[in-house]
Amino acid sequence: MAVSNVIPMLVDLYKNNNTESKGYGMYYPRIFKRDGLNLKGFAKHISEHGSLVKYDLAVLVLQNIVSCLREMMTQGVPVKLDGLGTFSPGITGQGAATIAGFNPNEMIKGVKINFLPEGAGDEDDKLTKKALKAITTFEMNDYVEVKHKTIEGKDVTYQERTPIRQIAIKQAE
């Protein structure tokens with residue numbers, strides 16, 4: 001069985017205020033967004049795992065992965081990284097009424113990268129949503145309420161964060 005991660009994933013709670021939604025009035029979790037890692041930050045993380053990979057080599061390898069992945073995506077070539085998953089290119093665009101009226105440079109609005117996590121292998125090696133949930137520790141973070149107010153004639157939307165612990169204490173009183 002997989003071992004849980006020691007550092008928890010912080011979860012914020014939001015209330016669905018969309019009156020058109022079936023879930024109106026219900027509370028839903030969202031991951032508290034931590035600061036992300038850039039390539040050099042990720043290389044530093046890799047090098048700190050006590051492996052033989054030093055920081056400079058990790059940066060070089062990751063830079064080459066990014067460069068080569070970009071090249072393969074622009075050529076329509078999927079790339080499978082064993083143990084991680086498959087990256088494949090996709091496109092977004094609009095339709096045309098006729099074949100003759102289709103101009104790819106005008107009708108294709110964007111190129112995206114689709115990612116399919118690795119799903120084969122030992123349970124500990126899987127990178128699927130079920131396998132990741134099994135090793136993730138969750139911790140409640142904040143209740144986040146979306147609020148609106150008018151400042152100098154402009155409607156402003158902002159988020160008011162209240163630690164879940166404070167709400168639990170108030171409800172227990």
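Because the structure is a prediction, the values reported are computed rather than measured. Atom set for the values below is all heavy atoms of this structure, side chains included, hydrogens, waters and symmetry mates excluded.
Between L39 and V59 the shortest side-chain heavy-atom distance falls below 4.5 Å. Side chains of I108 and I91 form a contact here, defined as non-hydrogen atoms less than 4.5 Å apart. No side-chain heavy atom of T162 sits under 4.5 Å from any side-chain heavy atom of D142. At a threshold of 4.5 Å between non-hydrogen side-chain atoms, the residues K109 and Q94 count as touching.
Under the rule for a side-chain hydrogen bond (donor to acceptor under 3.5 Å, both in side chains), R30 has no partner lying at least two apart in sequence or in another chain. For the salt bridge (charged side-chain N to carboxylate O under 4.0 Å, His left out) test, residues two or more places apart in sequence or in another chain that qualify with D82 are K80. Scanning for side-chain hydrogen bond (donor to acceptor under 3.5 Å, both in side chains) contacts around N16 gives S21, with sequence neighbours left out. Partners of Y158 by ring-ring contact (aromatic ring centres under 6.0 Å, His included), not counting sequence neighbours: none found. Every residue two or more places apart in sequence or in another chain was checked for a side-chain contact (heavy atoms from CB on, under 4.5 Å) with E152, and none qualifies. By the salt bridge (charged side-chain N to carboxylate O under 4.0 Å, His left out) test, E139 pairs with R165, sequence neighbours left out. Residues forming a side-chain hydrogen bond (donor to acceptor under 3.5 Å, both in side chains) with T74 (at least two apart in sequence, or on another chain): none. Under the salt bridge (charged side-chain N to carboxylate O under 4.0 Å, His left out) criterion, K147 pairs with E160, not counting sequence neighbours. Looking at residues two or more places apart in sequence or on another chain, you find no side-chain hydrogen bond (donor to acceptor under 3.5 Å, both in side chains) involving T92. With sequence neighbours left out, K112 forms a salt bridge (charged side-chain N to carboxylate O under 4.0 Å, His left out) with no residue at all.
Connection of L84 to I113 is established within a shared hydrophobic cluster, with ILVMFWY side chains joined at heavy-atom distances below 4.5 Å, either directly or through further cluster members. Transitive grouping of hydrophobic side chains (ILVMFWY, heavy atoms separated by less than 4.5 Å) keeps Y27 and V144 in distinct clusters.
Side chain of N18 to backbone of E20: a donor-acceptor contact under 3.5 angstrom is found. Remark: side-chain polar atoms of D12 are not paired, donor with acceptor, to backbone N or O of Y143 under 3.5 angstrom.
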Subject >> Intermediate values then yes/no, side-chain contact (heavy atoms from CB on, under 4.5 Å), T157 and V146 >> reply: CA-CA 7 Å; T157 302; V146 177; 3.5 Å; yes
Subject >> F32 vs R161, side-chain contact (heavy atoms from CB on, under 4.5 Å): CA-CA, chis, key distance, verdict >> reply: CA-CA 11 Å; F32 171 72; R161 303 180 76 81; 3.1 Å; yes
Subject >> Working for side-chain contact (heavy atoms from CB on, under 4.5 Å), residues L69 and F87 >> reply: CA-CA 8 Å; L69 187 59; F87 297 86; 3.8 Å; yes
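Between P89 and G76, the closest heavy-atom pair is CG-CA, 3.6 Å. Contact detail for A96 and M107: the closest heavy-atom pair is CB-CE, 3.4 Å. Scanning all heavy atoms of the two residues, the minimum distance from L13 to P29 falls at CD1-N, 4.2 Å.
By the neighbour-count criterion of 12 heavy atoms within 6.0 Å, atom CG of L60 is densely surrounded, having more than that number from other residues, nucleotides or ligands.
Applying the ring-ring contact (aromatic ring centres under 6.0 Å, His included) definition to pairs two or more places apart or across chains, none involves residues 53-74.
Residue Y28 is found in a hydrophobic cluster whose other members, listed by chain and number, are M26; membership requires side-chain heavy atoms under 4.5 Å apart, directly or through intermediates.
Taken from NE2 in H148 to OG1 in T150, the straight-line distance is 10.5 Å, to the nearest 0.5 Å. Atom CZ in F115 sits 8.0 Å away from atom CG in L81 (nearest 0.5 Å). Note that the CG atom of L57 and the CD1 atom of I46 stand 10.0 Å from one another [nearest 0.5 Å]. Atom SG of C68 sits about 11.0 Å away from atom CE of M73, to the nearest 0.5 Å. The CG atom of L62 sits 6.5 Å away from the CZ atom of F42 when rounded to the nearest 0.5 Å.
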